[in-house]
Trainee: 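Take this structure first; my questions come after.
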Amino acid sequence: MFGIGIGIFGVDQWLKYVFLQGFSFDSYVITLGGNALVYNDGVAFSMFAFLGIYLKYIQSIILVALCGLIIYGGFIERHYVPFGLILGAGASNVLDRFIHGGVVDYVFWHYGFEFAIFNFADVMIDVGVVLLVWQAWRAPRKP
């Protein structure tokens, strides 16, 4: 599980580094050929941005609590892949908050509808949640 998390963390930080090198640091939003660079100070769709600096500490506590739940709650044997995806991606986004003041988002997907700007870690969190729900749904039921 931690290997998956470290891998997702590394890939996400590398992608963010690549995008940060290709964009200007002095601009809040830059659009270029379907990509954008945004420092999101909230969570999905900029929710909870009003928490400001406290959001990164709240998310850090949630990640530590999630690690404890996984390790001591017996979930590590059954759901190590989705939790690895979620923890690695979540840790990468929290690190962005400490380094950049917000999560580095760079995928600008607005074709025919308005949608949020997101990053690789956001996609991995979504994949992890879907996989976790699917595994829970497929698990044998106890009578």
Side-chain angles (χ1 to χ4, degrees), residues 1-25 27-111 113-142:
M1 175 189 77
F2 290 110
I4 293 169
I6 290 168
I8 294 299
F9 180 90
V11 168
D12 185 59
Q13 285 298 306
W14 175 77
L15 284 169
K16 289 172 181 174
Y17 174 79
V18 167
F19 275 91
L20 287 171
Q21 296 307 307
F23 289 94
S24 172
F25 284 95
S27 298
Y28 183 70
V29 177
I30 303 168
T31 59
L32 176 66
N35 293 319
L37 179 62
V38 176
Y39 297 98
N40 185 358
D41 56 353
V43 293
F45 305 104
S46 296
M47 293 185 300
F48 304 116
F50 65 89
L51 292 172
I53 194 169
Y54 301 109
L55 184 58
K56 62 186 171 187
Y57 299 111
I58 293 168
Q59 288 182 317
S60 297
I61 291 168
I62 290 171
L63 282 175
V64 170
L66 186 59
C67 281
L69 176 68
I70 294 165
I71 293 169
Y72 297 112
F75 294 105
I76 198 164
E77 298 87 16
R78 296 174 293 180
H79 305 294
Y80 64 91
V81 172
F83 279 124
L85 295 172
I86 294 167
L87 286 174
S92 182
N93 280 345
V94 168
L95 179 65
D96 285 355
R97 293 187 187 286
F98 282 98
I99 293 174
H100 304 292
V103 175
V104 178
D105 288 336
Y106 49 82
V107 179
F108 186 57
W109 189 21
H110 294 239
Y111 298 104
F113 59 92
E114 290 296 317
F115 195 73
I117 300 173
F118 56 95
N119 61 37
F120 177 74
D122 298 338
V123 173
M124 291 298 101
I125 291 170
D126 293 339
V127 168
V129 168
V130 167
L131 187 56
L132 184 63
V133 169
W134 181 75
Q135 286 179 347
W137 178 68
R138 299 277 300 160
R141 305 276 188 256
K142 294 182 181 179

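None of these values were measured; they are calculated from a predicted model.
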Trainee: Is the closest side-chain heavy-atom distance between N93 and I125 below 4.5 Å?
Mentor: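 Yes, their side chains come closer than 4.5 Å.
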Trainee: Would you call L63 and Q59 a side-chain contact if the rule is heavy atoms closer than 4.5 Å?
Mentor: no
Trainee: Could you point out which residue of L95, V94, L55 forms a side-chain contact (heavy atoms from CB on, under 4.5 Å) with S60?
Mentor: V94
Trainee: Is it the case that the ring center of F98 lies less than 6.0 angstrom away from the ring center of Y57?
Mentor: yes
Trainee: Would you compute the distance between atom CD1 of I86 and atom CG of D126 and round it to the nearest 0.5 angstrom?
Mentor: 9.5 Å
Trainee: Please report the shortest heavy-atom distance between P82 and G128, naming the atom on each side.
Mentor: CB-O, 3.2 Å
Trainee: Do the side chain of N119 and the main chain of V104 share a donor and acceptor less than 3.5 angstrom apart?
Mentor: yes
Trainee: Are I4 and F83 side-chain neighbours, meaning at least one heavy-atom pair lies under 4.5 Å?
Mentor: no
Trainee: Start with the C-alpha distance between V129 and L85, add both sets of side-chain angles, then the distance that settles side chain to side chain contact (heavy atoms under 4.5 Å, CB included), and finish with yes or no.
Mentor: CA-CA 9 Å; V129 168; L85 295 172; over 6 Å; no
Trainee: Would you say the side chains of D96 and Q13 form a donor-acceptor pair under 3.5 Å?
Mentor: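 There is such a pair (donor and acceptor under 3.5 Å, judged by atom type) between the side chains of D96 and Q13.
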Trainee: Looking only at heavy atoms, which two atoms of A121 and A89 are closest? And how far apart?
Mentor: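 Heavy atoms only, the tightest pair is O-CB, 3.2 Å.
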Trainee: Rounded to the nearest 0.5 Å, how far does CZ of F19 lie from CZ of F120?
Mentor: 12.0 Å
Trainee: After noting the C-alpha distance and the side-chain angles of H79 and L131, does the key distance pass the side chain to side chain contact (heavy atoms under 4.5 Å, CB included) rule?
Mentor: CA-CA 9 Å; H79 305 294; L131 187 56; over 6 Å; no
Trainee: Drop me the distance from M124's CE to S92's OG, to the nearest 0.5 angstrom.
Mentor: 12.0 Å
Trainee: Is the closest side-chain heavy-atom distance between L66 and L87 below 4.5 Å?
Mentor: yes
